[in-house]
Protein chains: 2
Amino acid sequence: MSKKEKDPKIQEKITEFKNLCNALGLKLTHQRLEIFSELCRSVDHPSAEILYKRLLKRISTLSLDTVYRTLMTFKEYGLIDKIETTENQSRFEVKMSTHHHFICKNCNKIYDFDWKDFDESALPDNLSNIGGVIHKSVIVYGYCNACDEKKNEKVNKLRF
Amino acid sequence: MSKKEKDPKIQEKITEFKNLCNALGLKLTHQRLEIFSELCRSVDHPSAEILYKRLLKRISTLSLDTVYRTLMTFKEYGLIDKIETTENQSRFEVKMSTHHHFICKNCNKIYDFDWKDFDESALPDNLSNIGGVIHKSVIVYGYCNACDEKKNEKVNKLRF
DNA sequence: AAGAAAATAAGTATTATTCTTATTTAGTAA
DNA sequence: TTACTAAATAAGAATAATACTTATTTTCTT
């Protein structure tokens, strides 16, 4: 999995995380730090189970329940985001900056993309009849270029 | 549950459904028709289990598995939509027209809202690097007015 | 360094969804 | 209409995803 090992932004985020844990009265355990760091480094919006498998290499005694529980806690405190999907396995991310998601209908990969115009646009008035908005995001569906290429390879194989 | 029992739009949608089943080679079973109709009438984006419970009143021998299987099939053929959520129970809808979702952070209710300007707006260019888009939608989060009212009631009770 | 509160690991439990198989049904063709 | 065939269903078992229980360990405080 493509990681950004020593990206200063990640270091910064982890420092911020430590400070927030302190401020929130969350104990800064080894597990919490590793789970948060791993999720920070992950660019693929991993599930709890995927994270757990990656983390086992660093903490061999880690339990899957701890990953679930910790992600839950992080989410409750707004330290990470749970992603909206149609899959039945939850996926997570640490948001470094505002972005939106492209989800591939074939491979289910989630890609981030920026859309400044959207971020700056006002929501429709009729929303006030429903409630007060705290956060907005766009999800787009389609077939990612990687999947298209694979499909073309197969077609070419059939052809020759 | 607020239903629109004899709404002509729903009747139309059901007729369309029957035609599509025919065209797609899907057998038009009693179960399929009832499941589709019930989902059409539902304004609350129900889960498979909720649908199942409602349908039991009409088809006492219905099995939950049939509901799951049928919803899956419908989704595969694009007859219904599975909704993006952060919950672990899947939720579904029959889309009568383009709309977007407001999800209440407190009660998890999903409200529909229209946003024509968004529907007509062009997606950012950088998306072509990721893949070809087929569908786009907005999700907004917040606290719905119903939950706000309840909260205020509690506060008032505490106050007096 | 010691103690209290919180977090973890391990195993168990629950919830959500899917699979297996025998039976039934819809659509088709005689 | 009747009979046939493929597809769909019901029931129950199985799997997958997540959460709970409790004894032990760890962090943070003093």
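Values below: every heavy atom of this structure, side chains too, minus hydrogens, waters and symmetry copies. To find a chain, count down the sequence lines: A is the first, B the second, and so on, and within it residues start at 1. Bear in mind the structure is a predicted one, so any value in this text is a computation, not a measurement.
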Are there over 12 heavy-atom neighbours, none belonging to [X], within less than 6.0 Å of that residue's [atom1]?
X         : atom1 : value
Lys95(A)  : NZ    : yes
Lys82(B)  : NZ    : yes
Asn126(A) : CG    : yes

Please encode protein proximity along nucleotides 22-30 of chain C as a string of B, S and -, counting only heavy-atom distances under 4.0 Å.
----BS---

Would you tabulate the nitrogen or oxygen pairs shorter than 3.5 Å linking the protein to nucleotides 12-14 of chain C?
none

Of the listed nucleotides (dT9(D), dA16(C), dA7(C)), which one gets closest to any side-chain atom of Arg32(B)?
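Given the options dT9(D), dA16(C), dA7(C), the side chain of Arg32(B) is closest to dT9(D).
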
Is His45(A) close to Asp112(A) at the side-chain level, that is, under 4.5 Å between some pair of heavy atoms?
yes

I'd like to check Thr85(A) versus Glu84(B) (side-chain heavy atoms, cut-off strictly below 4.5 Å). Are they in contact?
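The answer is no, as the side chains (C-beta and beyond) never meet within the 4.5 Å cut-off.
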
Residue set satisfying side-chain contact (heavy atoms from CB on, under 4.5 Å) with Asp119(A), at least two apart, ordered chain then number -> Thr98(A), His100(A)

Gap between atoms [atom1] and [atom2], on [X] and [N] respectively (whole Å):
X        : N       : atom1 : atom2 : answer
Leu33(A) : dT8(C)  : CG    : P     : 12 Å
Lys18(A) : dC28(D) : NZ    : C1'   : 16 Å
Leu24(B) : dA8(D)  : CG    : P     : 11 Å

Hey, could you give me each pair passing side-chain hydrogen bond (donor to acceptor under 3.5 Å, both in side chains) that has a residue in residues 12-28 of chain A? Not counting sequence neighbours.
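side-chain hydrogen bond (donor to acceptor under 3.5 Å, both in side chains) check on residues 12-28 of chain A returns no pairs.
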
Which pairs with one or both residues in residues 79-99 of chain B pass ring pair (Phe, Tyr, Trp, His ring centres under 6.0 Å), sequence neighbours excluded?
His99(B)-His101(B)

For DNA chain D, what residues of residues 84-94 of chain A have any heavy atom nearer than 4.0 Å?
Asn88(A), Gln89(A), Ser90(A)

In degrees, rounded to 10°, what is the bend between the two ends of the helix from dA1(C)-dT30(D) to dA30(C)-dT1(D), using five pairs at each?
40°

In the hydrophobic cluster built from side-chain contacts under 4.5 Å, what are the other members alongside [X]?
X         : value
Met72(B)  : none
Val133(A) : Phe102(A), Tyr111(A), Phe113(A), Trp115(A), Phe118(A), Leu123(A), Leu127(A), Ile130(A), Val138(A), Val140(A), Phe102(B), Tyr111(B), Phe113(B), Trp115(B), Phe118(B), Leu123(B), Leu127(B), Ile130(B), Val133(B), Val138(B), Val140(B)
Ile50(A)  : none

Salt bridge or not between Asp44(A) and Arg54(A)? Use side-chain N to carboxylate O under 4.0 Å.
yes

Hydrophobic clusters here meaning ILVMFWY residues chained together by side-chain heavy-atom distances under 4.5 Å, can you tell me if Ile83(A) and Met96(A) are in one?
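Different clusters.
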
Near DNA chain C, which residues from residues 62-83 of chain A have a heavy atom under 4.0 Å away?
Leu62(A), Ser63(A), Asp65(A), Thr66(A), Arg69(A), Thr70(A)

Is it the case that the side chains of Thr66(A) and Ser63(A) hold a donor-acceptor pair, with the cut-off being a distance below 3.5 Å and no angle test?
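Checked: Ser63(A)/Thr66(A) side chains pair up, N/O donor to acceptor below 3.5 Å.
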
Tell me whether the OP1 or OP2 atom of dT26(D) has a side-chain N or O from Gln31(A) closer than 4.0 Å.
no

For Glu76(A), check salt bridge (Lys or Arg N to Asp or Glu O under 4.0 Å) against everything at least two apart and list the hits.
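With sequence neighbours excluded, Glu76(A) shows a salt bridge (Lys or Arg N to Asp or Glu O under 4.0 Å) to no residue whatsoever.
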
